[in-house]
Protein chains: 2
Amino acid sequence: MIKFAEKPLEAVLELLGQRGVYTILRSLQNGSLRFGALQQVTALPPRTLSLRLKELEELGLISRTEHHEVPPRVDYTLTERGRGLEPALEALARWEEKIG
Amino acid sequence: MIKFAEKPLEAVLELLGQRGVYTILRSLQNGSLRFGALQQVTALPPRTLSLRLKELEELGLISRTEHHEVPPRVDYTLTERGRGLEPALEALARWEEKIG
DNA sequence: CCGCATCCCATTGGATACTG
DNA sequence: CAGTATCCAATGGGATGCGG
């Protein structure tokens, strides 16, 4: 895996190329979401979703907030750095429309 | 591998996440390049570069032109569809500058 | 409800050597 | 010069079951 510290862009692209990651980022543009919700929109098995979320956290694109309640509740939010990717995500979305 | 026909965007993102692909596309923005030149800018082993170029061709992002000469000469060019990705590539480049 | 542990497998990527 | 052949190591990711 490419290290963010060395090649931030390549690291992000590598992660964006993984299943569900683009969908996760786009979904979070509308606000925080919980693990379960992300599972539904991405259709990823829990193990895989968990891995992707951890990687997104490591790259500083999302943050994890744990609410100490019963039942447990955790939600994920775009960070400032994550929001910085929005123009790129938008450009990609527009490209898709054009050729779809 | 994700099929372009079904999910064009996911297919492109998957490919963009591979080593060297972003670099290939950016390099070709300045005009056609030959296999050897792409090998130098990407630092990919020939087998891998060959695979990536073939995939980029399948997605319709680049085209391959074979000149029947001795010694052999082949060059690769961005297609119209490939150029459509430029705004997204630019947005990514700007994101990189901001955090680099 | 969130998410980790294990097991498993197909696919892939890198390195090196070789050829039309 | 532009690739292909071969071999090997790593990894993505699905399924299932358990734990805080």
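So that the names make sense, note that chain A is the first sequence line, chain B the second, and so on, each numbered from 1.
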(message) Does dG3(D) have its OP1 or OP2 closer than 4.0 Å to a side-chain nitrogen or oxygen of K54(B)?
(response) no

(message) Quick check for you: to the nearest 0.5 Å, what is the distance between S50(A) atom OG and E55(A) atom CD?
(response) 9.5 Å

(request) Taking only the side-chain nitrogens and oxygens of R19(B), find out if one of them lies under 4.0 Å from OP1 or OP2 of dG14(C). (result) yes

(request) Under 4.0 Å between any heavy atoms, over every strand shown, what does R34(A) touch: base, sugar-phosphate, or nothing? Just pick one. (result) sugar-phosphate

(request) Tell whether R47(B) reaches the base of dG3(D) with its side chain through a donor-acceptor pair below 3.5 angstrom. (result) no

(message) What is the separation between atom CD on E57(B) and atom P on dG3(D), rounded to the nearest whole Å?
(response) 9 Å

(request) Using whole Å, report how far NE2 of H67(B) lies from P of dG3(D). (result) 11 Å

(message) Measuring to OP1 and OP2 of dG3(D), would you say a side-chain N or O of R52(B) lies under 4.0 angstrom away?
(response) no

(message) At 4.0 Å (heavy atoms only), tell me whether P72(A) reaches a base, stays on the sugar-phosphate, or touches nothing.
(response) base

(request) Name the residue closer to the 5' end of DNA chain D, choosing between V74(B) and T48(A) according to the nucleotide with the nearest heavy atom. (result) V74(B)

(request) Take atom CG of L49(A) and atom P of dG12(D), then tell me their distance rounded to the nearest Å. (result) 15 Å

(request) Figure out the CG/P separation between L13(B) and dG12(D), and round it to whole Å. (result) 17 Å

(request) Using atom CG of L44(B) as one end and atom P of dG13(C) as the other, report the distance to the nearest whole Å. (result) 10 Å

(message) If I take atom CD1 in residue I62(B) and atom P in nucleotide dA2(D), what distance separates them, rounded to the nearest angstrom?
(response) 14 Å

(message) From CD of E10(A) over to P of dG13(C), roughly how many Å is that when rounded to an integer?
(response) 14 Å

(request) Establish, with yes or no, whether the OP1 or OP2 oxygen of dC2(C) is under 4.0 angstrom from a side-chain nitrogen or oxygen of Y76(A). (result) no

(message) Output the rounded distance in Å from CD (Q39(B)) to P (dT4(D)).
(response) 12 Å

(request) Test salt bridge (charged side-chain N to carboxylate O under 4.0 Å, His left out) on E66(B) and R64(B) and set out the steps. (result) CA-CA 7 Å; E66(B) 189 166 350; R64(B) 193 186 110 110; 2.5 Å; yes

(request) Could you check if a side-chain atom of R26(B) sits within less than 4.5 angstrom of a side-chain atom of E90(B), using non-hydrogen atoms only? (result) yes

(message) I'd like to know if the side chain of T48(B) and the backbone of L44(B) have a donor-acceptor N/O pair within less than 3.5 Å.
(response) no

(request) Measure the acute angle between the ring planes of F35(A) and Y76(A), then classify it against the limits of 30° and 60° as parallel, tilted or perpendicular. (result) tilted

(message) Over all strands shown, is Q18(A) touching base, sugar-phosphate only, or nothing at heavy-atom distances under 4.0 angstrom?
(response) sugar-phosphate

